[in-house]
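Worksheet: the structure to be examined is printed underneath.
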Amino acid sequence: TVMGGGSREKQIRARADEINRELGREAVKAVGAVPDAAARMAEHGIFVGSSRAAIEAMAAGVPVILCGNAGVRGLLTKENFAAAAEDNLTCRTAPRTADADSAVLDGLRRFARMSDKDRAGLGVFCRRCAEDNYDICTVAEATAAVLEKTVRRARPGIAMCGYYGAGNIGDDASLAVMADRFGRDAQDGRITAISKGPKKEGIPENISVITAFRPIKTERELARCRVAVLGGGSLLQDATSLRSLAYYAWVMRTAHKAGCRTVIIGGVGPLTSRTAQRIAACTVRRATAVFARDSAAAAEFRALGAARTVNAADPAVLTLPKEPACKPDGRYFVVCPRGVAALRRKTDAENGEKRVKKIGKKAENALFDAITEAARRLAADTGMIPVFAAMAPEDSAICRGMAEKAGGGAMCIPAGKQDAGQTVALAAGADLVVAVRLHAAVFAFAAGTPAVVVDHDPKTAGFAADVGLTPLP
């Protein structure tokens with residue numbers, strides 16, 4: 001069986017058909033790209049290939065003949081595994097052979113002459129090698145070691161830029177998680193937050209702060225840092241304003257000129273104009289690495305030209321719960337709304353083209369009314385208490401209004417009453433979380449609580465898709 005796609009797939013399929021016609025039977029199957037290669041490999045007695053495909057076969061307990069464009073190492077055994085692992089099973093350092101076909105056939109003959117017991121033992125050996133050397137924990141530890149070695153450079157400072165200190169629980173939670181991890185690796189533990197928020201509340205005490213839009217101070221601080229991190233949300237977007245996008249792009253460009261490694265953590269978009277797309281593309285192309293918080297964001301980063309994109313997760317998912325400051329007695333569900341009227345998005349015009357328009361106050365009010373009515377009915381049908389929790393200062397008035405309309409003993413928790421850990425605990429005790437804010441859905445996921453996600457932005461839709469939820473339009 002020949003698996004895999006690529007530019008030569010049609011040629012390989014044609015050659016397989018030719019061989020089968022010559023033999024009068026289906027001796028060769030060319031199946032192309034398959035969704036679950038490891039499962040297909042497990043159906044076979046031996047695998048011929050190299051690199052990551054060989055690791056997949058090993059993980060499935062299938063013996064391997066290492067063979068690739070770089071050379072042939074032959075049947076993978078205890079005797080040659082150490083040498084094979086040195087070049088990541090690519091055969092780049094394998095002994096050169098003038099006849100690769102014969103070398104592969106020798107490996108197949110050797111395998112065919114083995115007893116069933118020895119073949120099974122070889123499969124067990126390959127599986128053990130995959131577990132010991134290539135499982136996710138081992139690879140993560142090796143990656144972390146490389147990152148730690150990278151960050152311990154002569155310039156020890158780390159600058160983190162985002163909408164921090166504005167009372168937004170989700171953004172401040174992301175900062176706290178990232179700073180905790182980066183702080184362990186920083187030589188002198190010095191981390192500076194370039195905070196676009198007007199306040200410093202919610203920022204850990206061990207982090208120094210530079211208020212946004214102070215170019216001289218920002219340039220001086222970036223000159224002292226080895227890494228600049230743009231993280232905490234979808235900062236590269238123009239749904240709120242083009243000015244915000246231009247500011248964050250300036251920070252990352254300045255960091256790049258100062259010799260910093262630039263890292264983007266989070267999402268991207270929406271980018272509703274060509275100008276915004278150009279600015280975002282220039283920023284991500286300069287980035288040393290991009291850690292996308294969902295698969296859709298990763299695809300968007302790559303489309304913008306990011307060279308090194310890793311599918312990761314929102315840092316706030318690692319927020320640890322702690323005793324909530326406010327919690328109702330009895331069963332309850334949580335609603336976390338946010339204003340959407342000012343957000344801009346692309347819509348279909350009558351002529352079939354896309355046009356950019358604000359969501360608008362009318363649509364926002366309709367959304368709030370629908371959620372409030374659903375909360376009222378759910379409370380009446382189940383006896384649960386609706387809890388309207390604000391995750392940013394601008395959400396407090398919204399929560400109060402919705403709680404008043406919902407009635408039935410509804411509770412309102414204004415912004416500033418609880419921090420991120422307490423909000424995670426609040427979500428953990430709930431039967432359901434209704435999330436208009438992304439981080440409400442993230443906290444619900446972290447707490448293991450079912451969630452309903454409202455799709456008003458690519459970030460909420462992307463997160464919902466990654467965790468197997470269908471967002472409400």
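Starting from 1, each residue takes its place in the sequence as its number. What you see below is based on every heavy atom in this structure, not just the backbone, and it leaves out hydrogens, waters and symmetry mates.
Inter-residue side-chain proximity for D116 and R119 is flagged as met; some heavy-atom pair is nearer than 4.5 Å. Counting heavy atoms from C-beta outward, V317 and F445 have side chains that approach closer than 4.5 Å. V229 places a side-chain heavy atom less than 4.5 Å from the side chain of V227. For the pair V290/V263, no side-chain contact is recorded, criterion being any heavy-atom separation below 4.5 Å from C-beta on. The shortest side-chain heavy-atom distance between I46 and I65 falls under the 4.5 Å cut-off. You'll find the side chain of I158 stays beyond 4.5 Å of the side chain of C225, heavy atoms only. Taking 4.5 Å as the limit, some side-chain heavy atom of C67 sits within range of a side-chain heavy atom of V104. Inter-residue side-chain proximity for P63 and L76 is flagged as unmet; no heavy-atom pair is nearer than 4.5 Å.
Using a distance-only test at 3.5 Å, with no hydrogens or angles considered, a donor-acceptor pair links the side chain of E364 to the main chain of V340. Not a single donor-acceptor pair under 3.5 Å links the side chain of R437 to the backbone N or O of C336. No side-chain donor-acceptor contact under 3.5 Å links D314 to the backbone of G266. A donor-acceptor pair is defined here as one N or O able to donate and one able to accept, closer than 3.5 Å; such a pair exists between the side chain of T449 and the backbone of A427. A donor-acceptor pair under 3.5 Å links the side-chain atoms of N20 to the main chain of A27, judged by distance alone. Side-chain atoms of D180 do not come within 3.5 Å of backbone N or O of A176 as any donor-acceptor pair. Of the possible donor and acceptor atoms, one in the side chain of T288 sits under 3.5 Å from a partner among the backbone N and O of T262. Between the side chain of D455 and the backbone N or O of P471, no donor-acceptor pair lies under 3.5 Å. A donor-acceptor pair under 3.5 Å links the side-chain atoms of R285 to the main chain of L304, judged by distance alone.
Remark: T218 OG1 to W250 CH2 distance equals 4.5 Å, nearest 0.5 Å. With rounding to the nearest 0.5 angstrom, the CG atom of N133 is 10.5 Å from the CD atom of E131. With values rounded to the nearest 0.5 angstrom, E22 atom CD is found 11.5 Å from D17 atom CG. Rounded to the nearest 0.5 angstrom, S244 OG and L235 CG are separated by 7.0 Å. Atoms OG1 and CD, on T1 and E43 in that order, are 8.0 Å from each other to the nearest 0.5 Å. In this structure, CE in M160 is found 10.5 Å from CD1 in I194, a value given to the nearest 0.5 Å.
Salt bridge status for E221 with K217: absent, with no side-chain N to carboxylate O gap under 4.0 Å. The residues E219 and R224 are annotated as not salt-bridged, no charged nitrogen and carboxylate oxygen being separated by less than 4.0 angstrom. A salt bridge does not link D238 with R243: none of the charged nitrogens is closer than 4.0 Å to a carboxylate oxygen. We find that R15 and E18 are joined by a salt bridge, their nearest charged nitrogen and carboxylate oxygen being less than 4.0 Å apart. At a threshold of 4.0 Å, the pair K459-D294 does not count as salt-bridged, since none of the basic side-chain nitrogens sits closer than that to a carboxylate oxygen. Ion pairing of E79 with R73 is absent here, as no side-chain N (NZ or NE/NH1/NH2) approaches a carboxylate O to less than 4.0 Å. By the 4.0 Å N-to-carboxylate-O rule, D87 lies too far from R92 to be salt-bridged with it. Salt-bridge check for E56 with R52: failed, with every basic side-chain N at 4.0 Å or more from each acidic carboxylate O.
For F47, the CZ atom is densely surrounded, since the number of other residues' heavy atoms within 6.0 Å is greater than 12. Atom CZ of R274 is surrounded by 12 or fewer heavy atoms from other residues, nucleotides or ligands within 6.0 Å. Residue N69 places its CG atom among 12 or fewer non-hydrogen atoms of other residues, nucleotides or ligands, all under 6.0 Å distant.
The shortest heavy-atom contact between S50 and L89 is CB-O, 3.3 Å. Here the shortest heavy-atom pairing between C91 and G68 reads SG-N, 4.3 Å. In terms of heavy atoms, M58 sits closest to C129 at CE-CB, 3.6 Å.
A donor-acceptor pair shorter than 3.5 Å can be found between the side chains of S208 and T192. Counted by atom type alone, R293 and S234 present one or more donor-acceptor pairs between their side chains at under 3.5 Å. Looking only at atom types and distance, the side chain of S115 has a donor-acceptor partner in the side chain of D118 under 3.5 Å away.
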Step by step, would you call L230 with I265 a side chain to side chain contact (heavy atoms under 4.5 Å, CB included)?
CA-CA 6 Å; L230 185 68; I265 301 176; over 6 Å; no

Report the C-alpha distance between I264 and L236 in whole Å, list the side-chain angles of each, state the deciding distance to 0.1 Å, and finish with yes or no for side chain to side chain contact (heavy atoms under 4.5 Å, CB included).
CA-CA 10 Å; I264 300 173; L236 298 178; 4.1 Å; yes

Go through the steps for R338 and M391 under the test side chain to side chain contact (heavy atoms under 4.5 Å, CB included), then give the verdict.
CA-CA 8 Å; R338 66 157 292 171; M391 297 186 66; over 6 Å; no

Going through the checks in order, is the side chain to side chain contact (heavy atoms under 4.5 Å, CB included) test met by S174 and H439?
CA-CA 10 Å; S174 296; H439 285 104; 3.6 Å; yes

